[in-house]
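Have a look at the structure below, then the notes.
Position 1 is the first residue of the sequence; numbering continues from there.
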Amino acid sequence: MQLTLIKNTDPAGAALYKLARVIYAETCGTSLGEVECLASMVMNLGAATGRDIADIAGDADLFESLNPRSTRHEYLRVDATNRAFQMCLRVVQKMARGMLPDQVYGATRFHRVEMLPDWAVARGYIKETPNLMFYL
């Protein structure tokens, strides 16, 4: 079986696809609510810093799954036909069109509930989902 690499010639579309993969890796698409919260946080971070989606989607300091040693890193390779990944992609596309309301009250940082990064110790979270905590 020969595999064919298909390149996305649309940089904006490629960035959305990359972000959808990262959001899937961080949430495993467990719920629409968590996916929307994480996409909202990315939208807020972009608005607050002027960073574009491609830059944010590649931020290994923000997303644990981008670290090759992370147990979540393997989820970046999700099959594009996976239903949970397709949900992540639809939410990211909705966010890019400006049709996703802020679900996290302006938050620009997050972490998984099983972690407590140093930066979060002195901050109070403003939104909690079953698996994620969001901060300003």
Side-chain angles (χ1 to χ4, degrees):
M1 177 178 172
Q2 183 179 5
L3 296 176
T4 303
L5 178 63
I6 300 171
K7 294 196 177 216
N8 190 336
T9 58
D10 172 18
L16 295 178
Y17 200 84
K18 180 178 181 180
L19 180 59
R21 283 190 176 280
V22 170
I23 288 177
Y24 175 81
E26 295 293 335
T27 66
C28 292
T30 54
S31 76
L32 177 61
E34 281 198 337
V35 169
E36 287 181 335
C37 284
L38 195 49
S40 290
M41 191 235 32
V42 169
M43 176 182 65
N44 293 341
L45 182 58
T49 63
R51 294 169 65 189
D52 64 24
I53 289 173
D55 182 46
I56 294 170
D59 188 341
D61 291 329
L62 183 61
F63 297 111
E64 178 217 349
S65 62
L66 295 173
N67 181 340
R69 294 184 304 269
S70 168
T71 57
R72 300 188 104 32
H73 188 71
E74 68 185 75
Y75 296 118
L76 292 171
R77 295 185 205 102
V78 62
D79 186 310
T81 62
N82 177 293
R83 290 177 72 171
F85 171 73
Q86 288 293 314
M87 174 185 62
C88 294
L89 186 57
R90 285 190 304 273
V91 169
V92 167
Q93 291 167 336
K94 183 177 178 181
M95 176 207 71
R97 289 190 312 269
M99 302 301 292
L100 181 67
D102 182 4
Q103 308 284 321
V104 292
Y105 312 110
T108 57
R109 300 286 306 256
F110 86 105
H111 66 81
R112 300 196 49 73
V113 294
E114 67 268 12
M115 307 172 99
L116 185 58
D118 291 339
W119 61 261
V121 173
R123 294 181 174 182
Y125 63 90
I126 59 171
K127 172 81 177 195
E128 179 180 11
T129 67
N131 298 301
L132 305 173
M133 309 280 285
F134 294 91
Y135 300 77
L136 289 174

Item checked: ILVMFWY network linking Leu76 to Leu38, side-chain heavy atoms under 4.5 angstrom -> yes
Notebook entry, point to check: Parallel, tilted or perpendicular for His111 and Trp119, by the 30°/60° rule?
Noted result: perpendicular
Checklist line | Hydrophobic cluster membership, Val22 vs Met133, 4.5 Å side-chain cutoff | finding: no
Note to self: Do Glu34 and Thr129 pair up side chain to side chain, a donor and an acceptor below 3.5 Å, judged on atom types alone?
What the structure shows: yes
Checklist line | Partner set under ring-ring contact (aromatic ring centres under 6.0 Å, His included) for Tyr75, not counting sequence neighbours | finding: none
Notebook entry, point to check: Could you state the interatomic distance from CG (Asp102) to SG (Cys37), rounded to the nearest 0.5 Å?
Noted result: 9.0 Å
Check: Does Asn131 reach the side chain of Thr27, with side-chain heavy atoms less than 4.5 Å apart?
Finding: no
Notebook entry, point to check: Got a sec, which residues hit ring-ring contact (aromatic ring centres under 6.0 Å, His included) with Phe134, two or more places apart in sequence or on another chain?
Noted result: none
Note to self: Taking Thr108's backbone N and O only, do any of them form a donor-acceptor pair with Asn44's side chain (distance below 3.5 Å, no angle check)?
What the structure shows: no
Note to self: Quick check for you: to the nearest 0.5 Å, what is the distance between Asn67 atom CG and His73 atom NE2?
What the structure shows: 8.0 Å
Check: At their closest point, which heavy atom of Pro101 faces which heavy atom of Ser40, and how far apart are they?
Finding: O-OG, 3.2 Å
Item checked: Where Met87 and Val35 come nearest, the two heavy atoms and their spacing -> CE-CG2, 3.8 Å
Item checked: Contact summary for Leu16 and Ala96, nearest pair of heavy atoms -> CD2-CB, 3.6 Å
Next item on the list: Measure the spacing between NZ of Lys18 and CZ of Arg21 and express it to the nearest 0.5 Å.
Entry: 11.5 Å
Margin query: Testing the basics here: between Ala54 and Ala15, what is the closest heavy-atom pair and its distance to 0.1 Å?
Written below: CB-CB, 3.8 Å
Next item on the list: Please name the pair of heavy atoms, one in Ala39 and one in Leu100, separated by the smallest distance, quoted to 0.1 Å.
Entry: CB-CD2, 3.7 Å
Check: Does the side chain of Arg123 reach to within under 4.5 Å of the side chain of Arg109, using non-hydrogen atoms?
Finding: yes
Notebook entry, point to check: Is there side-chain contact between Met95 and Leu19, with heavy atoms separated by less than 4.5 Å?
Noted result: yes
Note to self: As an exercise, state the distance from CE of Met41 to CG of Leu136, rounded to the nearest 0.5 Å.
What the structure shows: 12.0 Å
Next item on the list: Look up atom CZ in Phe110 and atom CD in Glu128, then write down how far apart they are to the nearest 0.5 Å.
Entry: 14.5 Å
Note to self: Same cluster or not: Val78 versus Phe63, using hydrophobic residues (I, L, V, M, F, W, Y) connected whenever any side-chain heavy atoms lie under 4.5 Å apart?
What the structure shows: no
Notebook entry, point to check: Is it true that Met43 and Tyr24 fall in one hydrophobic cluster, defined by side-chain heavy atoms closer than 4.5 Å?
Noted result: no
Notebook entry, point to check: Just how far is it from atom CG of Asp59 to atom CZ of Arg51, taken to the nearest 0.5 Å?
Noted result: 4.5 Å
Next item on the list: Give a yes or no on whether the backbone of Gln103 and the side-chain of Glu36 come within a donor-acceptor separation of less than 3.5 Å.
Entry: no
Notebook entry, point to check: Are Val104 and Tyr125 connected in the hydrophobic side-chain network, where two residues link if heavy atoms are under 4.5 Å apart?
Noted result: no
Next item on the list: State which residue, out of Val91, Leu89, Val92, fulfils the side chain to side chain contact (heavy atoms under 4.5 Å, CB included) condition with Ile23.
Entry: Val92
Item checked: Minimum heavy-atom distance between Ala20 and Cys88, given as atom pair plus value -> O-CB, 3.8 Å
Check: Is there a donor-acceptor contact under 3.5 Å from the side chain of Glu64 to the main chain of Glu26?
Finding: no
